[in-house]
Amino acid sequence: GESVGLHLPTLSVQEGDNSIINCAYSNSASDYFIWYKQESGKGPQFIIDIRSNMDKRQGQRVTVLLNKTVKHLSLQIAATQPGDSAVYFCAEKTGATNKLIFGTGTLLAVQP
Amino acid sequence: GAVVSQHPSRVICKSGTSVKIECRSLDFQATTMFWYRQFPKKSLMLMATSNEGSKATYEQGVEKDKFLINHASLTLSTLTVTSAHPEDSSFYICSASPPLGGRQETQYFGPGTRLLVL
């Protein structure tokens, strides 16, 4: 289930299940989006990206879906493994600047 | 490819001292690097954009005289926290973007530097 408030939103899944992590972005003019995985005490690790002229992109075990109508981005992880446990951030880029704006993050907890 | 390193990984210093953090792109040249700060269980907050050969661009609310940034080469940017105080304790992370012709928009992150000011 998910929880919000003072703590990071958390998604708990069983090992082997599929995970879907959601992100609402802020700027309708954003043209590039990235998902990052951050393990405790480490820097964010690039997972997958998508440009605004696409609505779906697949990688190894991961799929990113983009719905520009409702400004929604999701990350799907197939056959979730304990090593997938981490905080996942979405990030958006707008216009000519290369600055990224990060979402609040979701903690994915994989139960063995 | 696209490996970014930071040094040191962890530093403890006394209040009033200055601390320098290095960010290096190991296998590509980065005309632009970024410095972020992250509090526990929070998202990344962009502090400044570091441009090779020119002055850094700071985000609103970030004191440029407090957080000195130097981007002297295409593979190295440094962040110096001057006269550090306990409230500067945080996790500092840098990122770098490959140059034109590469995946210019993608930022690759370093492992972060944990700063504790006593």
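Values reported hereafter were calculated over all heavy atoms of this structure, with side chains retained and with hydrogens, waters and symmetry mates removed. Each chain gets a letter, A, B and so on, in the order the sequences are listed, and its residues count up from 1.
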**Message:** Is it true that, when you exclude A:Lys68 itself, more than 12 heavy atoms of the residues, nucleotides or ligands shown sit nearer than 6.0 Å to its NZ?
**Reply:** yes
**Request:** Determine the option with the most heavy-atom pairs under 4.5 angstrom with chain A, choosing from B:Arg114, B:Gln6, B:Arg10, B:Gln38.
**Result:** B:Gln38
**Message:** Would a single hydrophobic cluster contain both B:Met45 and A:Ile101, if residues Ile, Leu, Val, Met, Phe, Trp and Tyr are joined by side-chain heavy-atom contacts under 4.5 Å?
**Reply:** no
**Request:** Could you check if a side-chain atom of A:Leu100 sits within less than 4.5 angstrom of a side-chain atom of B:Leu46, using non-hydrogen atoms only?
**Result:** no
**Asked** Measuring heavy-atom distances to chain A, does B:Thr32 have an atom under 4.5 Å in its side chain, in its backbone, in both, or in neither?
**Response** neither
**Message:** Classify the ring geometry of A:Phe46 against B:Tyr108: parallel below 30°, tilted from 30° to 60°, perpendicular beyond 60°.
**Reply:** tilted
**Request:** Tell me, for B:Ile93 versus chain A, whether the close heavy atoms (under 4.5 Å) come from the side chain, the backbone, both or neither.
**Result:** side chain
**Asked** Checking heavy atoms, do the side chain of A:Phe102, its backbone, both or neither come under 4.5 Å from chain B?
**Response** both
**Asked** Do A:Leu73 and A:Leu11 belong to the same hydrophobic cluster, where Ile, Leu, Val, Met, Phe, Trp and Tyr are linked whenever their side-chain heavy atoms lie under 4.5 Å apart, directly or via other members?
**Response** yes
**Transitive ILVMFWY side-chain link B:Ile21 to B:Met47, under 4.5 Å** = yes
**Message:** Heavy-atom count check: over 12 atoms from other residues, nucleotides or ligands less than 6.0 Å from A:His72 NE2?
**Reply:** yes
**Request:** Kindly check if the number of other-residue, nucleotide or ligand heavy atoms within 6.0 Å of CD (B:Glu87) is above 12?
**Result:** yes
**Message:** Do A:Val64 and A:Val62 sit in one hydrophobic cluster, given that two such residues count as connected whenever their side-chain heavy atoms are within less than 4.5 Å of each other, even indirectly?
**Reply:** yes
**Request:** Check whether more than 12 heavy atoms from other residues, nucleotides or ligands sit under 6.0 Å from atom NZ of A:Lys56, and answer yes or no.
**Result:** no
**Interatomic distance, A:Thr104 atom OG1 to B:Lys42 atom NZ [nearest 0.5 angstrom]** = 9.0 Å
**Request:** Could you list which of residues 33-45 of chain A have a heavy atom closer than 4.5 Å to any heavy atom of chain B, in residue-number order?
**Result:** A:Ile34, A:Tyr36, A:Gln38, A:Gly41, A:Lys42, A:Gly43, A:Pro44
**Fill in**
dist A:Asn98:CG -> B:Thr106:OG1 (nearest 0.5 Å) comes out at 9.0 Å
**Asked** Are B:Phe91 and B:Val81 joined in one hydrophobic group, where the rule is that I, L, V, M, F, W and Y side chains link up if heavy atoms are under 4.5 Å apart?
**Response** no
**Prompt:** Any donor-acceptor pair under 3.5 Å linking the side chain of B:Ser43 with the backbone of A:Gly105?
**Reply:** no
**Request:** Nearest 0.5 Å please: distance from the OG atom of B:Ser97 over to the NZ atom of A:Lys93.
**Result:** 9.5 Å
